[in-house]
2 protein chains.
Amino acid sequence: MSAHPAAEAVEKPLRADAQRNRDKLIEAARSVFRERGSEASLDEIAKRAGVGPGTLYRHFPTRDDLIDAMMRDWAERIRADAESVVGAGGTPRVILTEWFSRFLDNVGIYHGAAAKVMSAMDDSSSPIFRKCQVLVDANRQVLESEPVAPGVRDGVDARQVMRLVSGVSVAVDQAGMAPAEAEPMLRIVIDGVLRPEA
Amino acid sequence: MSAHPAAEAVEKPLRADAQRNRDKLIEAARSVFRERGSEASLDEIAKRAGVGPGTLYRHFPTRDDLIDAMMRDWAERIRADAESVVGAGGTPRVILTEWFSRFLDNVGIYHGAAAKVMSAMDDSSSPIFRKCQVLVDANRQVLESEPVAPGVRDGVDARQVMRLVSGVSVAVDQAGMAPAEAEPMLRIVIDGVLRPEA
DNA sequence: ACCTGAACACCGTTCAAGT
DNA sequence: ACCTGAACACCGTTCAAGT
């Protein structure tokens, strides 16, 4: 088996100029979305990338396709975070605190991202859906890892926990809060997820 | 003191036709927003109300002014719900379950409403801000009522609880879940809010 | 095979003309 | 004082013409 086991879909090679334009578009999208949020004008992205609007549509037929491309390494980073958090060990409370805080960092890349991720989680027709599955799986793995799993209350579902924390992320985003200010909300969630003795 | 102690701002009387158009616009907005969500076309609302687009703008300079007008009795309903829930009594868990479930009903009036309310909560320049204050106060009153208050964990802030439940509301909205499906998430929040013994 | 940019469509917003 | 609807602006989207 190869070193890269089907990283993404099939990455067919592009003509040199096309590849360059694609990269410029993704880079422009990153900066524009960070400045203006996920509803930023696509025209501005094309302008900043120095290409015609048609070129943007050729590469990314929908806004979500572009966002998906922007998130290329996002899924990988999430997987790595989950692994590192579980590997570092500690009490269930420490592990969850760290995991949720990285969760917020990853989901809140730009204004509107949290809401985008939340809606894509349940919309299998969205290009971002697959990436969200990675988040679902990573979150489940953390909750099912030792020593977290035995500390979790009966009936707590990983998917619901993820929705809750995504909700926190939306709240942080909308209120313009600093990530650290989310701590009181995360504490409530963690107290609700873990058994009282844990 | 009068029976209506400053219900809303000052309601200056409108000319008969203007008042009729205003009412038709609010009614049209209600149905269009329920069908198409909070980003629905304002033009369609004007059309359905049978008035020109200029008339809509005269009455409601911004989209949020229109939404605010739609929510005329919303704040009052919330106040009433809080009172009735506290009055009905029961264990802290029962009271919170009932209150949060009404919270979700009230905040999720149409697609996108939860997100709208969430962002207006922290944006004092929004016309909806004042109505959100009612929600903040009602929620605080429930949490500080007997027998709930002594059952709440130290350090739990009513405002954070409201943000969390609003997040649940956004999740329910985005995922297209039935209100009842929110129960597992609300359970986690309640377990995190109440002392383990309560 | 890919790019460009003019052209079109849609919708929010304004305003001169009407009553 | 209020309403109408044409006009404008902006932006997403398409496509004929180019390389």
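What you see is a predicted model; the values in this text were computed from it and never measured.
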Is any side-chain N of the basic residue among B:Lys116 and B:Asp68 closer than 4.0 Å to the acidic one's carboxylate O?
no
Going by an N to O cut-off under 4.0 Å, is there a salt bridge joining A:Arg153 and A:Asp191?
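Looking at A:Arg153 and A:Asp191, the cut-off is not met.
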In the structure I gave you, are the side-chain heavy atoms of B:Tyr110 and B:Glu35 within less than 4.5 Å of one another anywhere?
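They are not in contact (no side-chain heavy atoms under 4.5 Å apart), so the answer is no.
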Are B:Ser84 and B:Arg102 side-chain neighbours, meaning at least one heavy-atom pair lies under 4.5 Å?
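B:Ser84 vs B:Arg102: side chains touch.
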Stem regions touching DNA chain D, defined by at least 3 consecutive Watson-Crick or wobble G-U pairs below 3.5 angstrom:
C:4-8 with D:12-16, C:12-16 with D:4-8
Given A:Val168, which of A:Asp173, A:Leu104, A:Ile188 fulfils the side-chain contact (heavy atoms from CB on, under 4.5 Å) condition?
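Looking at A:Asp173, A:Leu104, A:Ile188, the match for A:Val168 under the side-chain contact (heavy atoms from CB on, under 4.5 Å) is A:Leu104.
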List for me each residue that meets salt bridge (charged side-chain N to carboxylate O under 4.0 Å, His left out) alongside B:Arg22, sequence neighbours excluded, and say none if there are none.
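Salt bridge (charged side-chain N to carboxylate O under 4.0 Å, His left out) list for B:Arg22, sorted by chain: empty.
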Sugar-phosphate means primed atoms, P, OP1 and OP2; the rest is base. With that split, encode nucleotides 2-13 of chain C 5' to 3' as B, S or - using protein heavy atoms under 4.0 Å.
BSBBB-----SB
If you look at every heavy atom in A:Arg159 and A:Met121, which pair is closest and at what distance?
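Shortest heavy-atom separation between A:Arg159 and A:Met121 comes out as NH2-O, 3.3 Å.
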